[in-house]
Number of protein chains: 2
Amino acid sequence: MIKLNKTTEYGLMALRHMSRKYLLDPTGVTSAREIADSYGLPFEITAKTLQRLKETGIIQSAHGAKGGYTLQRALTEVSLGEFLQLMEGPQSIVACSGDVDHASLECGYAYRCEIKSWMNQLNLRFFHFLSSIQLAELQEGPIQLTEFKRESFIK
Amino acid sequence: MIKLNKTTEYGLMALRHMSRKYLLDPTGVTSAREIADSYGLPFEITAKTLQRLKETGIIQSAHGAKGGYTLQRALTEVSLGEFLQLMEGPQSIVACSGDVDHASLECGYAYRCEIKSWMNQLNLRFFHFLSSIQLAELQEGPIQLTEFKRESFIK
DNA sequence: TCATATACGATAAATTATATCGTATATGAC
DNA sequence: GTCATATACGATATAATTTATCGTATATGA
């Protein structure tokens, strides 16, 4: 029903990494390689994730030998709702939403829909819920103790 | 990011239909054919949807010539959270959740995960939100005025 | 000029969701 | 009993989406 896509998930991992690092050294720069190695993610996927994060404006990039990524916005100013929209685009719990008054082709088969206005209302309540969650919460948790041997998880 | 699957969506349409019909005539029975014709859904898909709904225990079925489906539980007693779990199984915003203390193979590549406990916490908060929504809200909305010519939507 | 980084489009692979088909079973009316 | 009407349900095909991979371009500092 409800699942973050992997890019979003890896994006959250990267943001936690960068924000905790920032607390220790605000001038630090983080490369895709560093994230990939820290968590055992494939480099290519990590690089894509960071490029996506950069497109959202939450982090910024610098090319070249001493390049890498740095935070551009404070995570206290970004809600989970905004983050999901930035990462995955404007979305809805149903395909047809967006226009409360009229059904559309995207409803699929149904040529008549009685639940649309409720769905739209739900959508708003859901987004309100997501907007109440600050991304800064990411920084709070303890460092996870679990660490596995890498070979177990590489195919 | 977050989208109901079609079966769940059609299920909500069917529940609204049945619950409003129940208000007018508590002894009434609803067939898959009636739902399909009322909203322009393909019969086979509607039938599957109603069978799924029946498996959840929210409606019950009767075979035979005067058969069909009737509500088994009051919609005031079913939350959206419970409904989604019944229709789509226990789910989580991330693949790896379920066990707060240990990462698992389902995390995918990552052999170390720093966001897992936050994800699990989010999951609980999200489910709490969904549980605060009564399925009975479905009955409330006005009858939708939009109705399209059927031929526009049949491929 | 070389090593290191990001940029980014194209495409392949895998997964999941959706739709379709066929056949079985139950029931009421006649 | 048989016929029309309904649900039951597994198997499978199709479509859609997500995820992963590849190749190449561009930028920068030593």
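Each chain gets a letter, A, B and so on, in the order the sequences are listed, and its residues count up from 1.
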- [ ] Report yes if a side-chain nitrogen or oxygen of A/Lys54 is closer than 4.0 Å to either non-bridging phosphate oxygen (OP1 or OP2) of C/dA7; otherwise report no.
- [x] yes
- [ ] Find the distance A/Leu50:CG to D/dA20:C1' and express it as a whole number of Å.
- [x] 16 Å
Open item on the list: Check this one for me: any side-chain N or O of A/Tyr10 less than 4.0 Å away from OP1 or OP2 of D/dT18?
Closed with: no
TODO: Hey, could you give me the OG1/CZ distance between B/Thr56 and B/Phe83, rounded to the nearest 0.5 Å?
DONE: 6.5 Å
Open item on the list: In this structure, how many angstroms lie between the C1' atom of D/dA15 and the CG atom of B/Asn5, rounded?
Closed with: 15 Å
- [ ] Give none if D/dG29 has no partner; otherwise give the nucleotide forming a Watson-Crick or G-U wobble pair with it, both distances under 3.5 Å.
- [x] C/dC2
- [ ] Just compare D/dT7, C/dG28, D/dA30 and give me whichever is closest to any side-chain atom of B/Ala65.
- [x] C/dG28
Open item on the list: For D/dG10, give the paired nucleotide (Watson-Crick: N1-N3 plus N6-O4 or O6-N4; G-U: N1-O2 and O6-N3; both under 3.5 Å), or none.
Closed with: C/dC21
Open item on the list: I need the B/Arg16 CZ to B/Leu135 CG distance, nearest 0.5 Å.
Closed with: 12.5 Å
Open item on the list: Can you tell me if A/Ser61 touches the phosphate of C/dA7, counting only side-chain N or O atoms and a distance under 4.0 Å to OP1 or OP2?
Closed with: yes
TODO: Could you state the atom-to-atom distance from CE of B/Met87 to C1' of C/dA17 in whole Å?
DONE: 14 Å
Task: Spacing of A/Glu44 atom CD relative to D/dT24 atom C1', expressed in whole Å - done: 14 Å
TODO: Establish, with yes or no, whether the OP1 or OP2 oxygen of C/dA17 is under 4.0 angstrom from a side-chain nitrogen or oxygen of B/Lys6.
DONE: no
Task: Separation of atom CG in B/Leu4 from atom C1' in C/dT18, rounded to whole Å - done: 15 Å
Open item on the list: Please check: side-chain N/O of B/Asn120 versus main-chain N/O of B/Lys116, any donor-acceptor pairing under 3.5 Å?
Closed with: yes
Open item on the list: Just the rounded figure in Å: distance from C1' of C/dG28 to NZ of B/Lys66.
Closed with: 7 Å
Open item on the list: Using a heavy-atom cut-off of 4.0 Å across all strands, would you classify B/Ala47 as base, sugar-phosphate, or nothing?
Closed with: nothing
- [ ] Evaluate the criterion side chain to side chain contact (heavy atoms under 4.5 Å, CB included) for residue pair A/Leu80 and B/Leu122; output intermediate values, then yes/no.
- [x] CA-CA 10 Å; A/Leu80 183 60; B/Leu122 274 187; 3.9 Å; yes
Task: Side chain of B/Phe43 - closest among C/dT6, D/dT7, D/dT28 - done: D/dT7
Task: Comparing B/Lys48 and B/Ala32 on DNA chain D - which has the more 5′ nearest nucleotide - done: B/Ala32
Task: Minimum-distance nucleotide to B/His63 side chain [options: C/dA7, C/dA26, D/dG29] - done: C/dA26
Task: Enclosure of A/Tyr22 OH (heavy-atom neighbours >12, cutoff 6.0 Å) - done: no
Task: For atom CD of A/Gln72 and atom P of C/dT6, their distance in whole Å - done: 16 Å
Open item on the list: Without decimals, in angstroms, what is the distance between B/Leu53 CG and D/dA8 C1'?
Closed with: 15 Å
